[in-house]
Amino acid sequence: GLLPPDTVIIHHPKKRGRPPKHGNKKQKISLDLTQPAVNRHSKAYVKRPDTADDDDAAMEEDSIDDAASAEDEEDEMEPPTDPETTLEPKASHLTTVHWDPHGAAGRKIGWKVRIADDKLGDWKEGRILRYDPCTHKHKVQFEDSPRAVDKVDTENSTWIHLRMEDGVQVATRLVWAHVKGYAWWPAMVMESDVHQARDGYVGVEFFGSMEVATVRDAPESLRPFDHGKVDNYISKNKKKRNASAVALAMDE
């Protein structure tokens with residue numbers, strides 16, 4: 001209902017008080033600022049007779065902690081990647097490897113390769129056996145003696161990072177190649193970082209003669225070898241083809 005007209009209302013504003021005090025008080029730490037800080041591991045540190053035992057115990061604990069942490073770090077370190085076992089599920093610490101076997105690196109497997117030997121000034125020939133997508137190295141088996149810097153296994157093979165080498169020639173495909181005035185000849189297209197062909201041309205090496213040439217990368221000059229099959233375009237050339245060179249290409 002309504003209050004009587006003679007009612008007096010007194011307002012008492014609330015005051016913001018302090019938070020209640022807790023019984024647990026923080027322990028005060030007393031620091032002696034008159035003594036300079038000294039590094040116990042410093043050569044200038046001199047032990048006091050009354051604190052020698054405590055200092056020795058502290059330094060011994062520190063050395064034990066450092067040794068324990070070093071052992072933990074050695075246990076956590078992964079072993080170096082071995083190209084021979086990177087793709088084996090149980091023999092490698094790697095779990096997932098993504099790479100395309102039909103990519104540029106994978107397509108080199110099985111082809112001949114030449115690697116420049118700077119010390120002897122010649123080329124070392126071999127064949128690419130495998131590729132490791134983890135280390136990006138190719139396993140090369142040399143036909144003769146390897147380079148002095150290569151450590152080979154019992155199969156005269158070693159792992160080489162071909163992309164980091166200066167002076168590499170790699171075969172990429174078998175073709176019938178034609179040079180004006182000659183018959184169609186079986187050859188290998190060679191990719192080289194030393195003798196790079198201009199755009200639209202490729203370097204080829206002919207079987208049986210070991211001669212090289214630069215020809216246009218077009219059907220008029222290059223045809224697929226296809227196990228020695230001669231198409232209608234090649235058969236129009238009446239010049240005699242070399243049977244021994246064809247046999248070498250078939251072996252390749």
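Shortest non-hydrogen contact noted between V140 and G126 is CG1-CA, 4.4 Å. Between K239 and G181 the shortest heavy-atom distance is CE-O, 3.4 Å. The nearest pair of heavy atoms linking V179 to F206 is CG2-CZ, 3.8 Å. Shortest non-hydrogen contact noted between E165 and V168 is CB-CG2, 3.5 Å. Nearest heavy atoms, A249 versus F225: CB-CZ, 3.5 Å.
H178 places a side-chain heavy atom less than 4.5 Å from the side chain of N237. For the pair V152 and P146, the minimum side-chain heavy-atom distance is below 4.5 Å. A 4.5 Å side-chain heavy-atom check between T158 and D153 finds every atom pair outside the cut-off.
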Exercise. Take T214 and V202, measure what side chain to side chain contact (heavy atoms under 4.5 Å, CB included) needs, and give me the verdict at the end.
Key: CA-CA 6 Å; T214 301; V202 294; over 6 Å; no
Quiz item: What do the steps show when you test V113 against Q169 for side chain to side chain contact (heavy atoms under 4.5 Å, CB included), and what is the final call?
Solution: CA-CA 6 Å; V113 62; Q169 295 179 355; over 6 Å; no
Exercise. Please assess V212 against V204 for the test side chain to side chain contact (heavy atoms under 4.5 Å, CB included), listing each intermediate value before the final yes or no.
Key: CA-CA 6 Å; V212 296; V204 296; over 6 Å; no
Practice problem: Kindly determine whether D144 and N156 satisfy side chain to side chain contact (heavy atoms under 4.5 Å, CB included), including the steps that lead there. | Solution: CA-CA 8 Å; D144 297 319; N156 202 28; over 6 Å; no
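Residues passing the salt bridge (Lys or Arg N to Asp or Glu O under 4.0 Å) test with R127, sequence neighbours excluded: E252. Residues meeting the salt bridge (Lys or Arg N to Asp or Glu O under 4.0 Å) test with K124, sequence neighbours left out: none.
Note that NZ of K139 is 11.0 Å distant from CG of D132, once rounded to the nearest 0.5 Å. Taken from CD1 in I160 to CD1 in I128, the straight-line distance is 9.0 Å, to the nearest 0.5 Å. Atoms CG and NZ, from L162 and K108 in turn, are 7.0 Å apart once rounded to the nearest 0.5 Å. With rounding to the nearest 0.5 Å, the separation of OG1 in T135 from NE2 in H161 is 7.5 Å.
Between R163 and D193 no salt bridge is recorded (no basic side-chain N to carboxylate O distance below 4.0 Å).
No chain of hydrophobic side-chain contacts below 4.5 Å, direct or via other Ile, Leu, Val, Met, Phe, Trp or Tyr residues, connects Y182 to W176. Residue L248 is not grouped with residue V175 when hydrophobic side chains (ILVMFWY) are merged at heavy-atom distances under 4.5 angstrom, including chains of intermediate members.
For residues 133-160, every residue pair satisfying the ring pair (Phe, Tyr, Trp, His ring centres under 6.0 Å) rule, not counting sequence neighbours, is listed here: Y131-H138. Listed by first then second residue, pairs satisfying salt bridge (charged side-chain N to carboxylate O under 4.0 Å, His left out) with a partner in residues 203-226 read R114-E205, R173-D217, R223-D231, not counting sequence neighbours.
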Considering only distance and modelled atom types, tabulate donor-acceptor pairs under 3.5 Å from the side chains of residues 184-192, sequence neighbours left out.
residue : atom : partner : partner atom : Å
W185    : NE1  : F207    : O            : 2.7
S192    : OG   : V194    : N            : 3.0
S192    : OG   : H195    : N            : 3.2

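Through direct or relayed side-chain contacts under 4.5 Å between Ile, Leu, Val, Met, Phe, Trp and Tyr, V149 connects to no other residue.
Within 6.0 Å of CG on D251 lie more than 12 heavy atoms contributed by other residues, nucleotides or ligands.
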